[in-house]
Amino acid sequence: MAQPPLSRAIQKLERRLGVALFDRSGRRISLTPAGEVLVREAAKVLDAVAAATVRTRRAGRAVPRLVVAMKAGGDGGLLPEILAAYRTHPDAVEVDLVLCAVTERARMLRDGTADVAFLHSPTRI
């Protein structure tokens, strides 16, 4: 996008929001506190849209699968029993186990590539 249309789009957004997003007072242009909030919140929205896209595509597959993310041995030995009970359910789908680190498990939940993850407190997703 060329500079003039970008500048007009930013000014239009600032008018719509009723706040300045950029501090244009010096030689350098920088984000205002409101601009910093918008950047953080917009990143969350874009991440949510990307995750929704992944989840939607997964839901539309001809053969659905349940993706479980966990660390090796992170089930306390309960997973075989849990999966055996799950498989008796008439609507049970195939289960894919993904072995990975805690940060990867949390990311997979956030981005929609996993349906379930074995996490240990304290974990922020």
Side-chain angles (χ1 to χ4, degrees):
M1 178 179 273
Q3 185 63 38
L6 177 60
S7 294
R8 285 192 297 275
I10 291 169
Q11 290 169 349
K12 184 177 178 181
L13 179 59
E14 288 176 323
R15 283 193 303 275
R16 184 173 180 186
L17 295 173
V19 296
L21 299 174
F22 292 93
D23 179 3
R24 300 171 179 88
S25 60
R27 290 185 68 154
R28 249 184 77 210
I29 295 175
S30 59
L31 287 172
T32 64
E36 291 174 4
V37 168
L38 182 61
V39 167
R40 279 193 311 274
E41 295 302 316
K44 291 177 191 176
V45 169
L46 293 173
D47 288 345
V49 169
T53 301
V54 170
R55 288 183 184 105
T56 301
R57 287 183 178 141
R58 288 185 60 229
R61 288 182 180 164
V63 179
R65 301 187 79 76
L66 179 69
V67 178
V68 178
M70 60 181 288
K71 77 173 188 174
D75 63 335
L78 298 173
L79 192 59
E81 189 175 326
I82 292 170
L83 290 176
Y86 172 73
R87 287 185 188 108
T88 65
H89 192 278
D91 296 327
V93 298
E94 286 296 317
V95 176
D96 291 334
L97 295 176
V98 180
L99 301 178
C100 52
V102 67
T103 54
E104 188 72 5
R105 286 176 273 160
R107 182 202 54 79
M108 290 178 73
L109 282 176
R110 279 193 309 272
D111 71 16
T113 56
D115 301 297
V116 178
F118 286 81
L119 300 172
H120 304 279
S121 294
T123 299
R124 269 185 82 152
I125 60 167

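Values in this document were obtained by computation on a predicted structure and should not be read as measured data.
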So, taking the atom named [atom1] in [X] and the one named [atom2] in [Y], what distance separates them when rounded to the nearest 0.5 Å?
X: T88; Y: L83; atom1: OG1; atom2: CG; result: 11.0 Å
X: T53; Y: R58; atom1: OG1; atom2: CZ; result: 13.0 Å
X: R40; Y: K44; atom1: CZ; atom2: NZ; result: 7.5 Å
X: E104; Y: R107; atom1: CD; atom2: CZ; result: 4.0 Å

**Fill in**
Between V54 and G112, the two heavy atoms sitting closest are CG1-O, 3.5 Å
**Asked** Taking all non-hydrogen atoms of both residues, which atom of A34 and which atom of A20 are closest, and how far apart?
**Response** CB-O, 3.8 Å
**Message:** Salt bridge or not between R61 and E94? Use side-chain N to carboxylate O under 4.0 Å.
**Reply:** no
Hphob cluster co-occupancy, [X] + [Y], side-chain heavy atoms under 4.5 angstrom:
X: V93; Y: V68; result: yes
X: L31; Y: I10; result: yes
X: F118; Y: L66; result: yes
X: I29; Y: L13; result: yes
X: M108; Y: V116; result: no

**Item:** Test side chain to side chain contact (heavy atoms under 4.5 Å, CB included) applied to V98 and T113, step by step
**Value:** CA-CA 10 Å; V98 180; T113 56; over 6 Å; no
**Message:** side chain to side chain contact (heavy atoms under 4.5 Å, CB included) for I82 and D75? Distances and angles first, verdict last.
**Reply:** CA-CA 10 Å; I82 292 170; D75 63 335; over 6 Å; no
**Message:** Between L38 and V19, does the side chain to side chain contact (heavy atoms under 4.5 Å, CB included) criterion hold? Intermediate values first, please.
**Reply:** CA-CA 11 Å; L38 182 61; V19 296; over 6 Å; no
**Prompt:** With distance as the sole test, does D115 use its side chain to make a donor-acceptor pair with the main-chain N or O of V67 at under 3.5 Å?
**Reply:** yes
**Test side chain to side chain contact (heavy atoms under 4.5 Å, CB included) applied to R105 and L119, step by step** = CA-CA 7 Å; R105 286 176 273 160; L119 300 172; 3.8 Å; yes
**Asked** Does the side chain of L99 come within less than 4.5 Å of M70's, by heavy atoms?
**Response** yes
